[in-house]
Visitor: 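Pasting a structure here, questions to come.
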Number of protein chains: 2
Amino acid sequence: MRLALEQAGAAYMDVARQKKGMPAMLASLDTEQFPQAAFAPPVLRHGELLIGQTANILLYLGPRHGLAPRALAGRLWANQLQLTIADIVNEAHDTHHPISTNLYYEDQKKEAKARARDFAAARIPKYLGYFEGILSQNGGRGGFAVGSRLSYVDLSLFQLVEGLRYAFPKAMARLEADYPRLLALCEHVAALPNIARYLSSKRRIPFNEDGIFRRYPELEK
Amino acid sequence: MRLALEQAGAAYMDVARQKKGMPAMLASLDTEQFPQAAFAPPVLRHGELLIGQTANILLYLGPRHGLAPRALAGRLWANQLQLTIADIVNEAHDTHHPISTNLYYEDQKKEAKARARDFAAARIPKYLGYFEGILSQNGGRGGFAVGSRLSYVDLSLFQLVEGLRYAFPKAMARLEADYPRLLALCEHVAALPNIARYLSSKRRIPFNEDGIFRRYPELEK
């Protein structure tokens, strides 16, 4: 979501990172304060609109900022790919919380090791192989996921690969070369002027062990 | 997705259930046969369109069949709720497969018990409480999730509650009364003529232990 806003050059405020921003963010999850409260972050507020669920936010931002196809079929296809990215992101989260989000990682470490092993051995190759296949079959020029133009799906694929590289460096070092089109796309995204500027700015939050993609070396042993 | 098609009275063919239907379904997941192949079922084929991801299929079907608001804000809100339903459905799946979809349930039963315990104690109330809050705050008449008309979100909430009742009968018997608006909505959906006819037909696949919602009594001990 931040990558889409940055690539679009849109002015936005990252509320939860502002001083006293956390209560405002939490209010957006409270059905008594907002009839259209979200179940969980992230939430985009734009005027009267309050939009939750990352894929839904991108469904809104994409056409507004030229980051999605104009025709319905193309928009659905972009949304479908984004939802598939959401699925692997979910699975990446569950590698460190396979039993409960209400327990600490330390209290489910053994199960986390088992789930992470399966994730790195079976799920990463399955998903990345799928995305490589999609890139390979896309008749459009430019090596993009959807048609012949950059879309939010490309930005999300970049974020996914970066997250996987952070959390599973060994697995990715071993696997990456199998997905040349995906890697080329990620390089292209990283080099887009607005994205490059963002990535080297303080607005970019480094991957860390409070996020979805966490580097716990014991999960790669 | 079937509930939406049934409520709409749309003609459809459930390909995977036809004789020799499975290869056709599997082909729709093959990027070498379809450039817009899906990562996983379900897939809706309509003319030249091939659409994957349940929420995305409903995003397409909803406006075509009067099962979604016409305005963008309403459509986004319906999609957001559908994605939140998808999240709890995903978590329900992981109660019987917390470690790996490549292992049998029997080989991850201990972890399944731990995850199911957390799901029933913490996650079901958290999600159903959220949906109850949304129903309570919706200013529209009729007790629907979105505005004053039936939408695919209502059908999905019904399917969710039915699935939870099947998989976690003890937890649901204990919790249900806390969500009177949600229960009333489910009763309303079940009594819609097209839905009632479908539910008592052979087209309705009973919940079973190959599906997402599985009844393993040991997970509720």
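Keep in mind it's a predicted model, so treat the numbers as computed, not measured. Every chain is numbered from 1 and lettered A, B, ... according to where its sequence line falls, protein lines coming before strand lines.
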Visitor: By a 4.5 Å heavy-atom criterion (distance strictly below it), what part of B/Asp87 contacts chain A: side chain, backbone, both, or neither?
Guide: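 Side chain only.
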Visitor: Measure B/Glu32 against the heavy atoms of chain A and call it side chain, backbone, both or neither at under 4.5 Å.
Guide: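 Its backbone and side chain both get close to chain A.
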Visitor: Heavy-atom pairs under 4.5 Å with chain A are the metric here; pick the option from B/Ala116, B/Ala37, B/Ala122 that has the most.
Guide: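 Max contact count across the listed options: B/Ala37.
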Visitor: At a 4.5 Å cut-off on heavy atoms, which part of B/Leu81 comes close to chain A: side chain, backbone, both, or neither?
Guide: neither
Visitor: Between A/Phe207 and A/Tyr166, how do the two ring planes meet: parallel, tilted or perpendicular, split at 30° and 60°?
Guide: parallel
Visitor: May I ask you to check whether B/Phe144 and B/His188 place their ring centers less than 6.0 Å from one another?
Guide: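 Yes, the ring centres sit under 6.0 Å apart.
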Visitor: Establish, yes or no, whether the cationic atom of B/Lys109 lies under 6.0 Å from the six-membered ring centre of B/Tyr216 and within 45° of the ring axis.
Guide: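 Output no; distance or angle outside limits.
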Visitor: Can you find a side-chain donor-acceptor pair between B/Thr31 and A/Gln137 that sits under 3.5 Å?
Guide: no
Visitor: In terms of heavy-atom pairs under 4.5 Å, which option from A/Ile57, A/Thr84, A/Val146, A/Ile99 contacts chain B the most?
Guide: A/Ile99
Visitor: Does any backbone or side-chain atom of B/His46 lie under 4.5 Å from a heavy atom of chain A? Answer side chain, backbone, both or neither.
Guide: neither
Visitor: Pick one of side chain, backbone, both or neither for B/Tyr127, based on which atoms fall under 4.5 Å of a heavy atom in chain A.
Guide: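 Both backbone and side chain.
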Visitor: Contact part of B/Leu49 toward chain A, heavy-atom cut-off under 4.5 Å: side chain, backbone, both or neither?
Guide: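 The side chain, not the backbone.
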Visitor: Any chance the rings of B/His93 and B/Phe213 have centres within less than 6.0 Å?
Guide: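 Ring centres of B/Phe213 and B/His93 not closer than 6.0 Å.
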Visitor: Tell me, for B/Arg75 versus chain A, whether the close heavy atoms (under 4.5 Å) come from the side chain, the backbone, both or neither.
Guide: neither
Visitor: Classify the side-chain pair A/Tyr12/A/Glu6 by whether it contains a donor and acceptor separated by less than 3.5 Å.
Guide: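 Yes, because at least one side-chain N or O of A/Tyr12 sits under 3.5 Å from a partner of the opposite role on A/Glu6.
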Visitor: Taking the six-membered ring of A/Phe119 as reference, does the NZ or CZ atom of A/Lys126 fall below 6.0 Å from its centre and within a 45° cone about the axis?
Guide: no
Visitor: Under 4.5 Å from any heavy atom of chain A, what part of B/Ala112 do you find: side chain, backbone, both or neither?
Guide: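 It is neither, since no heavy atom gets under 4.5 Å.
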Visitor: If you count every heavy atom of other residues, nucleotides or ligands that lies below 6.0 Å from A/Arg149 atom CZ, does the total exceed 12?
Guide: no
Visitor: So which of B/Leu50, B/Thr95, B/Asp94 has the largest heavy-atom pair count under 4.5 angstrom toward chain A?
Guide: B/Asp94
Visitor: Name the region of B/Asp118, side chain, backbone, both or neither, that has any atom closer than 4.5 Å to a heavy atom of chain A.
Guide: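 Answer is side chain: those atoms of B/Asp118 sit under 4.5 Å from chain A.
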Visitor: What part of B/Asn138 lies closer than 4.5 angstrom to a heavy atom of chain A: side chain, backbone, both or neither?
Guide: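 No part of B/Asn138 comes within 4.5 Å of chain A.
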